[in-house]
Amino acid sequence: MDLERLLTDRLTPAFTAVAGGPVDPVVRRSPRADFQSDAALALARRLGRPPREIAQAVLDRAVLDDVCAAAEVSGPGFVNLTIDDGALAGMVAALAADDRLGVPVTADPETVVVDYSGPNVAKEMHVGHLRSTVIGDAAVRLLGWLGHRVVRVNHLGDWGTPFGMLIAHLVDLGEAEAAQELSIGDLDGFYRAARSKFDADPAFQVRARQRVVALQGGDPETRRLWRLLVEQSQRYFLTVYRLLDVTLTEDDFRGESAYNDRLGAVVGDLDRLGLLTDSAGATCAFPPGFTGRDGAPLPLIVRKGDGGYGYPATDLAALRLRTGELGATRLLYVVGLPQRQHFAMVFAVAGQAGWLRPPARAEHLGFGSVLGPDGRMLRSRAGGSVKLVDLLTEAVARATALARTKNPALDEADAAEIGRAVGIGAIKYADLATDRTRDYVLDWERMLALDGNTAPYLQYAYARTRSVSRRAGTKVGPDARIVLTAPAERALAFELLGFATVVHEVARTAEFHQLAGYLHRLATRFSAFYERCPVLRADGELRASRLLLTDLTGRTLRQGLHLLGIRTVERM
RNA sequence: GCGCCCGUAGCUCAGCGGAUAGAGCAGGGGACUUCUAAUCCCAAGGCCGCAGGUUCGAAUCCUGCCGGGCGCACCA
């Protein structure tokens with residue numbers, strides 16, 4: 001069903017025979033035929049034969065008759081393959097009959113830990129958390145759909161010195177008042193108030209420092225107040241996740257504090273392994289290959305000079321638990337690019353300690369910043385960071401207004417539902433549609449545009465497929481014959497068959513913009529098909545075939561968008 | 001100083017060893033007695049930052065520059 005793989009499987013033995021060793025035929029879509037294989041060119045030097053001759057020898061041996069209408073050598077030595085219409089139709093029909101759209105559940109499932117979102121307790125979620133949350137959730141959805149055991153970890157910032165100040169402020173306010181403030185989502189106000197008191201009032205500073213000591217010493221009352229802060233914040237974060245359509249739940253919170261009682265063992269074991277050195281009073285690991293400002297080896301500070309633990313220790317403890325107790329073989333860290341070196345060092349030390357060894361591997365899925373229209377880091381008018389809820393609320397409001405304008409017949413409820421799906425979808429899609437590692441510019445006009453590579457365009461294409469299916473009345477069985485005559489039908493068929501390839505590729509690379517690009521291409525192909533190939537006005541076999549193509553396109557768009565965490569609506 | 005990321009159409013981005021570098025937007029031209037025009041079609045638009053190198057072949061790999069961003073010991 002996966003055409004690219006099918007052709008690869010057919011060409012590989014032929015290439016291998018000709019070359020006398022294993023060769024990847026390098027099959028890809030071609031502007032000059034349906035597919036092309038480029039491997040003969042690369043082989044020419046090794047075999048000392050002209051590439052065209054090699055290509056011909058491969059074609060002489062390869063079994064392609066049942067799939068290809070034409071297979072020929074072209075140019076300097078490309079192999080051009082044209083798929084037989086009947087074979088193509090057969091594959092599309094098989095695809096339509098498959099609930100999983102040609103993407104089987106993986107044969108070797110693994111345990112994958114996805115560490116993402118990670119907001120800080122008693123601090124507002126801002127656009128910086130948007131990317132981690134959206135990308136991480138897409139990873140969770142995709143890997144889960146493929147049958148892997150996915151463990152979501154929301155590595156909350158719930159520990160450290162700021163909590164002394166926050167708890168002291170909470171006491172000043174009174175618990176009820178503080179809880180009220182936090183539950184309505186005024187986290188920044190709470191944090192700022194604590195901060196400014198800390199900066200201005202020496203007596204408050206003393207109380208704050210005492211609270212840090214009490215908290216770390218396990219004082220029950222301080223712990224209770226701390227829990228209160230954490231719980232109120234979690235409640236608030238969950239409302240944001242719900243609005244964002246993210247699958248994170250309360251069960252996924254595993255804050256930094258969860259590793260407290262393991263930090264001692266981490267340091268102790270690293271020491272026993274001879275990996276630690278005292279340096280300027282701090283206990284450090286010096287993984288090879290990392291140098292700092294003056295060319296000196298760069299330390300990973302596992303325990304600070306004052307005896308406290310920093311986040312390297314926490315990250316090591318978390319990693320060890322994930323590969324050890326959770327048995328994970330793939331660790332994904334969806335954290336901004338600036339942390340790249342930190343994670344490289346953590347992974348290196350974990351490798352040295354034997355906590356991270358094949359088949360287990362860790363990947364830092366770094367990402368760039370969200371920029372404003374001026375090309376600089378997105379800021380609010382006041383110059384502070386933009387509250388994530390504000391951003392989401394504005395997206396929904398804009399999309400709802402847009403829906404009303406475009407389709408005045410919608411009632412309030414429908415407009416609201418569409419506004420939500422489109423607004424949130426637009427934000428998430430804009431985030432996922434470009435290369436993760438790059439910064440991107442948040443531009444309302446562009447991401448809510450009704451054409452172009454945007455969520456609304458894809459959602460509209462989906463709504464059109466549903467509209468056609470609804471109007472058809474009769475449901476077309478999956479056993480309907482597919483007939484492909486028009487070029488637009490063929491083009492759509494090829495795109496539909498490419499879903500599995502993209503899904504597998506993205507599962508490997510976590511480059512979600514590849515999936516987004518695929519879905520946009522699919523929607524584009526469908527729109528062209530829709531324009532040129534009447535479905536409901538066609539008769540008999542052709543009508544049934546086109547209905548099935550329409551339905552299959554809709555299912556693929558819905559599934560693809562769902563994997564990205566984006567909703568579809570039945571009408572727009 | 002060292003390290004990482006990024007310089008591709010006016011704008012936002014794909015492409016990251018293969019044939020004539022692709023989309024979308026904006027701008028130009030066309031298609032609504034509609035299966036939802038929130039759409040489609042056509043034309044136009046490029047020293048792929050610069051300079052070397054490797055290769056049969058380079059936007060893609062290597063080296064050096066230039067420009068932008070971000071990191072580089074006790075905040076997470």
Side-chain angles (χ1 to χ4, degrees), chain A residues 26 28 30-32 36 38-39 41-42 44-45 50-51 74-78 80 118 120 157 159-162 256 279-284 289-312 314-315 336-342 344 366 368-369 371 375-377 402-403 405-407 409 422 430 433-435 437-441 443 445-454 456-457 459-461 463-472 513-514 516-517 520-521 524 527-528 530-538 546-547 550 571-572:
Chain A
V26 200
R28 59 188 182 102
S30 172
R32 305 195 164 215
Q36 67 182 54
D38 301 344
L41 276 325
R45 170 170 288 262
S74 167
F78 297 98
N80 284 358
N120 294 315
W159 202 249
T161 46
E256 294 167 340
S279 175
T283 308
C284 308
F290 296 91
T291 51
R293 206 181 296 279
D294 39 16
L298 196 62
L300 187 69
I301 297 176
V302 156
R303 189 170 51 208
K304 298 186 282 184
D306 66 3
Y309 299 101
Y311 77 133
T314 308
D315 280 337
L337 233 25
Q339 306 265 20
R340 194 183 167 96
Q341 185 171 257
H342 164 71
S369 312
L371 307 179
R376 309 189 58 89
M377 294 265 278
L402 193 63
T405 320
K406 293 291 178 182
N407 193 348
V422 171
T434 59
D435 184 341
T437 59
R438 292 175 59 129
D439 296 345
Y440 77 93
V441 177
D443 179 331
E445 305 262 318
R446 191 175 302 122
M447 68 191 190
L448 283 170
L450 312 152
D451 37 24
N453 191 9
T454 66
Y457 179 81
Q459 288 166 320
Y460 178 63
R464 275 176 143 185
T465 68
R466 302 302 302 150
S467 173
V468 171
S469 298
R470 263 197 313 274
R471 281 168 179 271
H513 72 284
Q514 305 281 4
H520 177 245
R521 219 156 44 237
T524 303
S527 295
Y530 180 91
E531 206 74 23
R532 279 168 236 165
C533 303
V535 179
L536 300 177
R537 289 196 298 267
R546 287 179 174 174
L547 266 177
T550 299
R571 61 192 89 218
M572 282 173 76

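Not measured: the values here are computed from a predicted model. Convention: sequence-line order gives letters A, B, ...; per-chain numbering from 1.
Within the 4.0 angstrom heavy-atom criterion, only backbone atoms of the sugar-phosphate kind lie near Ser527(A); the bases stay farther away. Ala344(A) comes within 4.0 angstrom of no nucleic acid atom, judged by non-hydrogen atoms across all strands. Phe290(A) comes within contact range of no nucleotide atom at all, as no heavy-atom separation falls under 4.0 Å. Note on Gly517(A): nothing from the nucleic acid sits closer than 4.0 angstrom, heavy atoms only.
Taking a pair as Watson-Crick or G-U wobble with both distances under 3.5 Å, the runs of three or more consecutive pairs in RNA chain B are B:1-7 with B:66-72, B:10-13 with B:22-25, B:28-31 with B:39-42, B:49-53 with B:61-65.
Two residues, Pro299(A) and Pro534(A), neighbour RNA chain B, and the one matched to the more 5' nucleotide by heavy-atom proximity is Pro534(A). Checking Ala403(A) against Gln341(A), the closest nucleotide of RNA chain B that is more toward the 5' end is the one next to Ala403(A).
Not counting sequence neighbours, the partners of Arg521(A) by the salt bridge (charged side-chain N to carboxylate O under 4.0 Å, His left out) test are Glu495(A). The ring-ring contact (aromatic ring centres under 6.0 Å, His included) check on Tyr309(A) picks up nothing, with sequence neighbours excluded. Scored by the side-chain contact (heavy atoms from CB on, under 4.5 Å) test, Arg471(A) finds Ser467(A), Leu536(A) as partners (sequence neighbours excluded).
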Tabulate atom names and distances for all N/O pairs under 3.5 angstrom spanning the protein and nucleotides 60-62 of chain B.
none

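Atom CG of Leu298(A) is separated from atom C1' of rC72(B) by 6 Å (rounded to the nearest Å).
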Contact pattern, 5' to 3', of nucleotides 12-27 of chain B - B, S or - by protein heavy atom under 4.0 Å: SSSS--BBB--SSS--

